Structure formats: C-alpha cells, structure tokens
Amino acid sequence: MNQAVQKNTLYVGGLAEEVNEAILHAAFIPFGDIKDVKTPLDHATQKHRSFGFVTFLEREDASAAMDNMDGAELYGRVLTVNYALPEKIKGGEQGWAAQPIWADADTWFERQQQEEELKRLQEEQKAAMQVAEDLHRKKMAEEREGEKDEDPMAMAEAEVLKQNATS
C-alpha cells in the first residue's frame, strides 16, 4: 500500500534520551517557521521513543531542514530525517477508525480472485512453454537424424533429445 508523503512534516529519528520537544524545536527553527513538534511517548516508560515529528508551515522549509539535518548530530546521536508518512489509525485497509473492519471484505475477495486468475494464467503459460520446448526438442532430434553426415556426437545428442522428448 503506497501512502502519500507529507511534505511539510519531517520524521526525525535517532533522538537522544535528553532531547525533548523544546530542544527539537530549537534545532529545526533555523530552517523556517514551525507549526508543530511532537515526540510520541512510550506509555510504559513515559519517555519518547527515540523519534519525533517536526511540521513546518512551508514545504520549502521542511525540504531545507531535511537536507541539512539528515545525518547531523544532536546530543551525540546521528539523526535520520525524512518526510513523514501519514499517521495510520487502526481499522480497515484505509486506516479509517470509523470504518468497520469488514468494510474492505469486498475488495479482499476481488484481490483473491485476481490472484487466483493470475496463478491460473501463469500455469497455462508454463504448460504452453513446456509444449513448445518439447516440440523444439523433437524437431531438433529429427533434424539430427536426417543429417547425412554420420557424426557420432550428433547421433548421441539426437538420442538423448529423443529420450527426453518421450519422457
């Protein structure tokens, strides 16, 4: 499933434990006006999970920040900075929370049928290729038998081809 990339929001990975939203904001503010900074917390430890999101007002600012901060060091840790993917909410294929889980059942069945049809077509193509290969071997064996030159190597090859064609 291809998700659209959010061009204003950056994923910032590799954050040190000491980094908080204020420090992250301060690190990225030189590149432009920031709309939002988030560092999702681990519910068990109540500490951030070593990554955060910085949302800029302008796409160009986000692009400049990514170009300059990817691979940069912050509090002794090397940052990974990429465009963020949209947040996925559990429930259904599209990630819609209001959508019942069975809502994508029709598309699932369609995909299953398409996959079965594709497998069937591949099997038919494989069988047709095998028939064509067998015919080619048979033709080659007949040509070898019809040669006037009694080359022992050619005769041995024709015999092997003939045995393979019958098996």
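Below, all heavy atoms of this structure are taken into account, side chains as well, without hydrogens, waters or symmetry copies. This one's a predicted model, so the numbers in the text were calculated from it and none came from an experiment. The residues of the chain are indexed from 1 along the displayed sequence.
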Per-pair distances, 0.1 Å, donor-acceptor, side chain in residues 59-74, under 3.5 Å, sequence neighbours excluded:
from	atom 1	to	atom 2	distance (Å)
N68	ND2	A64	O	2.7
D70	OD1	V81	N	2.9

(message) Restricting to non-hydrogen atoms, name the atom on P40 and the atom on G52 that form the minimum distance, rounded to 0.1 Å.
(response) CD-CA, 4.2 Å

(request) Take Y11 and Y83 through the test ring-ring contact (aromatic ring centres under 6.0 Å, His included) and record every step on the way to the result. (result) CA-CA 6 Å; Y11 162 85; Y83 288 120; over 10 Å; no

(message) Working to the nearest 0.5 angstrom, can you tell me the gap between N164 CG and M140 CE?
(response) 13.0 Å

(message) So, taking the atom named CD in E159 and the one named NZ in K162, what distance separates them when rounded to the nearest 0.5 Å?
(response) 5.5 Å

Side-chain donor-acceptor pairs of residues 112-122 under 3.5 Å, sequence neighbours excluded:
from	atom 1	to	atom 2	distance (Å)
E117	OE1	R120	NE	3.3
E117	OE1	R120	NH2	3.3
E117	OE2	R120	NH2	2.5
R120	NH1	E124	OE2	2.3

(request) Would you please test F53 and V37 for side chain to side chain contact (heavy atoms under 4.5 Å, CB included) and show each step? (result) CA-CA 6 Å; F53 299 96; V37 175; over 6 Å; no

(request) Take D134 and Q130, measure what side-chain hydrogen bond (donor to acceptor under 3.5 Å, both in side chains) needs, and give me the verdict at the end. (result) CA-CA 6 Å; D134 291 344; Q130 185 65 41; 3.2 Å; yes

Residues 15-36, side-chain donor-acceptor partners within the protein, below 3.5 Å, at least two apart:
from	atom 1	to	atom 2	distance (Å)
E17	OE2	K47	NZ	3.2
N20	OD1	A22	N	3.1
N20	OD1	I23	N	2.8
E21	OE2	T39	N	3.1
E21	OE2	T39	OG1	3.4

(request) Please answer: with hydrophobic residues joined when any side-chain heavy atoms are less than 4.5 Å apart, are Y75 and L41 in the same cluster? (result) no

